[in-house]
Amino acid sequence: MKSEPSVQSIDDLAAMPSQKVGWFGVRNYLARNYMRDQMAEGDTVFFYHSSCPQPGIAGIARVASLPYPDPTQFEPDSEYFDPKSSSENPRWIQVEVGFVRKTRLMALPELRATPGLEAMPLLQKGNRLSITPVSAEEAAVILSLLA
DNA sequence: GCCAACGTTGGC
DNA sequence: GCCAACGTTGGC
């Protein structure tokens, strides 16, 4: 899951009293569907810093809730407000993401150079999704290098 | 700041 | 339903 560290970094997550944050603001259907259909509570999440001097994996987190409606879609003053959404039929959902640990930065060039990660959607040309799936095998490769 | 890639919008 | 125009993402 990508986050701009200037908005919310792994350190920010670690510093929260609950060490959890609702992953609000996802407004892409594919990314939403990954949260809704592909994630389960307890799943490992790689916390990726994007749009920053050194993009890469900065920590490990965990899916800490079932999917539920993203409250910002109903807030007229929010930049994430969606007038086409309704509480009866919410369009956007989020999950809670819980801090597990900070890791060394596994930067994008290292990810690209690591055997076994070539097929990761995150690394595919043109990928812009803020949430992409990681296979169990890919996760094991990454975790072994972050140990 | 540039630009490739891709999603969304809206006219028809 | 098509598709051009436009907006956004995000690495560099």
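Lettering follows sequence order; numbering is per chain, from 1. The figures here come from the full heavy-atom set of this structure, side chains too, leaving out hydrogens, waters and symmetry mates. In this text the structure is predicted, and so the values were computed from the model without any measurement.
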Notebook entry, point to check: For F81(A) and Q73(A), what are the C-alpha separation, side-chain angles and deciding distance, and is it a side chain to side chain contact (heavy atoms under 4.5 Å, CB included)?
Noted result: CA-CA 4 Å; F81(A) 178 63; Q73(A) 70 194 305; over 6 Å; no
Notebook entry, point to check: Choosing from dG7(B), dG10(C), dT9(B), which nucleotide comes nearest the side chain of K84(A)?
Noted result: dT9(B)
Next item on the list: Side chain of Y29(A) only, please: which of dT9(B), dT8(B), dG10(C) is the nearest?
Entry: dT8(B)
Checklist line | Phosphate-side-chain proximity, Y48(A) and dT9(C), N/O vs OP1/OP2 below 4.0 Å | finding: no
Next item on the list: Could you tell me the separation between the CD atom of Q124(A) and the C1' atom of dG10(C), rounded to a whole number of Å?
Entry: 16 Å
Checklist line | K125(A), nearest nucleotide to its side chain (from dG10(C), dG11(C), dA5(B)) | finding: dA5(B)
Notebook entry, point to check: Separation of R112(A) atom CZ from dG11(C) atom C1', in whole Å?
Noted result: 8 Å
Next item on the list: Figure out the CG/P separation between N127(A) and dA4(B), and round it to whole Å.
Entry: 18 Å
Next item on the list: Without swapping roles, check the side chain of H49(A) against the backbone of I10(A) for a donor-acceptor pair under 3.5 Å.
Entry: yes
Notebook entry, point to check: Which listed nucleotide (dG10(C), dT8(C), dG11(C)) is nearest to the side chain of P55(A)?
Noted result: dG11(C)
Check: Taking atom P of dC12(C) as reference, at what distance in whole Å does atom CZ of R128(A) sit?
Finding: 16 Å
Next item on the list: Take the protein atom CG of N28(A) and the nucleotide atom P of dT8(C), then report the distance between them rounded to whole Å.
Entry: 14 Å
Note to self: Output the rounded distance in Å from CG (D82(A)) to P (dG7(B)).
What the structure shows: 18 Å
Next item on the list: Calculate the interatomic distance between I131(A) atom CD1 and dG7(B) atom C1'; express it in whole Å.
Entry: 16 Å
Note to self: Is it the case that atom CZ in F74(A) sees more than 12 heavy atoms from other parts of the structure closer than 6.0 Å?
What the structure shows: yes
Margin query: Can you confirm whether Q38(A) is buried at CD, in the sense that more than 12 heavy atoms of other residues, nucleotides or ligands lie under 6.0 Å from that atom?
Written below: yes
Checklist line | Integer-rounded Å distance: dC12(C) P and H49(A) NE2 | finding: 17 Å
Notebook entry, point to check: Heavy atoms under 4.0 Å, any strand shown: does L108(A) hit a base, just sugar-phosphate, or nothing?
Noted result: sugar-phosphate
Margin query: Donor-acceptor check, side chain of E96(A) to backbone of A64(A), threshold 3.5 angstrom: yes or no?
Written below: no
